[in-house]
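Counting starts at 1 for both ligands and their atoms, following the listed order.
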Amino acid sequence: MSAPRPTPTRRPLRGDGPVVLHSRTDPAWLANALAHFDEVLIDHAHCEKKAAANALSMLQAYPEVPGLPQHMARLAREESAHLARVLQIMEARGLVLTRDAGDPYARALQALIRTPSEARRLDRLLVAAIIEARSCERLSLLAEGLTDAPLKRFYAELAQSEDGHQSLFFRLAVLCSDEAQAHERLEVLLAAEAEVVRSLGIRAAIH
Ligand SMILES: [Fe+2]
Ligand SMILES: [Fe+2]
């Protein structure tokens with residue numbers, strides 16, 4: 001167990017991974033997500049699909065990073081399994097997957113990725129770590145707020161899984177640069193992420 005950190009907004013929101021979000025989700029997000037849970041489920045399915053696709057894209061782009069191909073292959077399988085389970089829950093509720101309307105949160109973070117190849121590789125890994133960390137926070141909130149016991153367990157399990165993913169992406173980011181550089185850039189991106197979250201407001205979506 002780690003000791004509580006001095007500033008409440010910097011305390012890890014959920015999980016023990018290295019990515020400490022700079023802002024907590026507005027409590028109104030959970031109330032809205034529960035009120036529009038079917039919409040959130042469809043968005044969630046698209047998030048898992050994109051997480052699986054991103055893992056394969058990382059493998060394609062950075063096979064030279066030690067361990068990355070194996071980790072990304074496993075991650076793609078795990079995210080695909082999450083997707084399959086979300087689709088199963090949707091089917092049980094009579095929901096069909098609609099076209100992906102796009103994710104303004106992920107797009108805003110991707111816009112922060114720098115162009116030079118080494119900086120790009122570091123930023124892609126760190127942005128992935130941050131998206132996993134925010135997903136972990138939001139899925140934990142759903143696990144707390146939902147009343148249906150199987151759904152609560154499902155979201156608690158997924159939150160734990162996404163927490164592991166944020167640690168994995170951060171470890172790979174450190175491998176690609178060094179710990180101090182990765183932490184320094186992470187803090188810049190986390191500050192930007194908090195601003196993105198604030199500017200997007202409350203949406204019936206995971207992010
Ligand atoms: Fe996932
Ligand atoms: Fe994940």
Next item on the list: May I have the step-by-step check of side-chain hydrogen bond (donor to acceptor under 3.5 Å, both in side chains) for H22 and E195, ending in yes or no?
Entry: CA-CA 9 Å; H22 283 198; E195 182 52 30; over 6 Å; no

Next item on the list: Check the pair R198, E193 against salt bridge (Lys or Arg N to Asp or Glu O under 4.0 Å), reporting the backbone distance first and the verdict last.
Entry: CA-CA 9 Å; R198 194 199 59 74; E193 191 266 357; over 6 Å; no

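In summary, of the residues considered (H207, E162, H44), a side-chain hydrogen bond (donor to acceptor under 3.5 Å, both in side chains) with S135 occurs for H207 alone.
For Q60, there are no side chain to side chain donor-acceptor pair (under 3.5 Å) partners, not counting sequence neighbours.
In this structure, the side chain of S57 does not engage the main chain of A53 through any donor-acceptor pair within 3.5 Å.
Legend: protein N/O/S atoms lying under 2.8 Å from the Fe ion (ligand 2), waters omitted, number 5.
Between the side chains of R138 and T25, a donor-acceptor pair is found at a separation under 3.5 Å.
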